[in-house]
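The first residue in the sequence is number 1, and the count goes up from there. This is a predicted model, so every value here is computed, not measured. In each ligand, atom 1 is the first atom listed, and ligand 1 is the first ligand listed.
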Amino acid sequence: MKAVRTIGIVNGGGDAPGLNAVIRAVVRAAISEHGMRVIGIRNGFDGLIWPEGAKEMTEETVSGILPRGGTILGTTNRGNPFAYKTKENGVETVHDYSSLCIDNARRLGIDAIVVIGGDGTQHIARDFHRRGVNVVGVPKTIDNDLDATEVTFGFDTALVIATEAVDRLHTTAESHHRVMLIELMGRDAGWIALHAGIAGGAHIILIPEIPFKFECICDAVRARELRGKRFSLIVVAEGVKLPETDPFGKPIPPAGPGNVANTIAFTLREMLHKEIRVTVLGHVQRGGSPTPFDRILGTRLGVAATDLVAKHHFGRMVCLRSGRIESVSLDEALEKMKYVDPHSEIVHAARAVGATFGDSA
Ligand code: F6P
């Protein structure tokens, strides 16, 4: 096989703190360890459909980016080049731009691509690999829902932000004797909510993996009041599943990220007759400087991905397992997502220290 002289680097999906650490690591390791060139592809795979923004990256390009949030490459969580949706005259059309991407990568002189992203982006990487493109994946998501890796970079930073928010709500909730809900990110999995709930000492934690009942939440709030605790903190994962009807038999309107905690609060107000406030933390969890953990993990993953490229070990994704950086095939990496196991030790620990998941008081 012809030696890899030029690596393309692309990130897709929502940004995650630590992305710049990965980019910096790939660029530095590729140049100094392997004598390769690196081309930065802008705004996810869109940058291979429209490659005008692609640029060679140097030590200078990545200087000073380690503590920076976001991604210097720009990103998008829309647009799969294999099924790219556009609107033409108000009608949605779907294009397969994959061949165009492959041609453009070739024109840019790219021999292999490091693809940083979550499950959606890694699916695209896998599909390019099936079309003969040399790819290596790096797992990324604040949601921490990729099964092949113990933890994804970005999760730790999101958790720090979320925990600080829970701590801050604690003091104001206690002072005002209120029920406070905080909605945290996690589109399909409850990892951020579970961890921030435990770290912040939340009283009730609602996650997609454990169905809740309004009555159980109210019982838990009332039980606290009987113990003289006139406030309660409820952490809500944005992906939590709402019951179809409230306890009065009224249909609950469909709700998703951004308004799920408000929807829950609406019913709780009717049931508890207490002052209830809602905070939706949103993208604050994704922005800003990464924690040392995420910088280090991003660096290790970036270097490991570059080493795999140098060894021509393509179609693989680097990952963290038992504290070591390893790799798995992209097929294996995408086999299943990682959800909170309701019977796991960590859920047991949360319950043992007094939290409820809305499934019992
Ligand atoms: O990247 C994951 C994530 O932050 C989810 O937690 C969240 O549901 C989603 O992205 C938000 O996406 P957007 O940035 O499009 O609002």
Side-chain angles (χ1 to χ4, degrees), residues 10-23 42-46 68-80 84-85 115-125 137-149 151-166 181-197 205-209 235-242 254-264 278-291 294 297-298 301 317 333-334 337-340:
V10 64
N11 55 230
D15 60 353
L19 255 173
N20 283 327
V22 181
I23 295 167
R42 294 201 51 85
N43 304 321
F45 287 102
D46 280 13
R68 266 171 65 182
T71 160
I72 60 165
L73 291 175
T75 190
T76 172
N77 53 10
R78 312 260 174 276
N80 173 352
Y84 202 95
K85 292 186 187 138
V115 180
I116 315 165
D119 69 313
T121 305
Q122 297 305 338
H123 269 98
I124 298 170
V138 178
K140 167 226 62 113
T141 162
I142 65 161
D143 291 1
N144 198 30
D145 57 1
L146 291 175
D147 191 60
T149 189
V151 63
T152 43
F153 68 84
F155 175 68
D156 187 62
T157 307
L159 180 57
V160 168
I161 306 289
T163 303
E164 186 189 338
V166 176
L181 287 86
I182 178 167
E183 180 176 320
L184 299 177
M185 277 187 167
R187 197 177 34 209
D188 303 306
W191 293 109
I192 298 177
L194 173 64
H195 282 243
I205 303 170
L206 305 180
I207 57 174
E209 296 87 345
V235 170
V236 182
E238 64 178 5
V240 77
K241 312 275 181 303
L242 296 176
N259 66 358
V260 76
N262 270 300
T263 304
I264 293 170
V278 177
T279 301
V280 180
L281 201 57
H283 293 77
V284 171
Q285 292 158 95
R286 256 180 27 198
S289 188
T291 58
D294 284 335
L297 181 58
L301 291 170
M317 186 185 84
L334 295 169
M337 302 296 288
K338 181 171 65 192
Y339 299 109
V340 175

Under the criterion side-chain hydrogen bond (donor to acceptor under 3.5 Å, both in side chains), which of T71, N43, T121 is the partner of N11? T71

I need the I23 CD1 to I116 CD1 distance, nearest 0.5 Å. 5.0 Å

Considering only protein heavy atoms, which is closest to atom 16 (O) of ligand 1, and at what distance to one decimal place? H283 NE2, 2.9 Å

Minimum-distance protein heavy atom relative to atom 6 (O) of ligand 1: D143 OD1, 2.6 Å

List, one per line, each side-chain donor-acceptor pair under 3.5 Å for residues 182-190, sequence neighbours excluded.
from	atom 1	to	atom 2	distance (Å)
E183	OE1	V260	N	3.1
E183	OE1	A261	N	2.9
E183	OE2	G258	N	2.5

Tell me which one of R187, K140, R286 gets a heavy atom nearest to atom 3 (C) of ligand 1. R286

I'd like to know if G186 contacts ligand 1, where contact means a heavy-atom distance under 4.0 Å to any ligand atom. yes

Please identify which atoms of ligand 1 are closer than 4.0 Å to at least one heavy atom of [X].
X: E238; answer: 5 (C), 6 (O), 7 (C), 8 (O)
X: N77; answer: 12 (O), 13 (P), 14 (O), 15 (O)
X: M185; answer: 4 (O), 6 (O)

For T141, what residues pass the side chain to side chain contact (heavy atoms under 4.5 Å, CB included) criterion, not counting sequence neighbours? D143, D145, L146, T152

Near K85 NZ, under 6.0 Å, is it more than 12 heavy atoms from other residues, nucleotides or ligands? no

T76-D46 side chain donor-acceptor pair, cut-off 3.5 Å: no

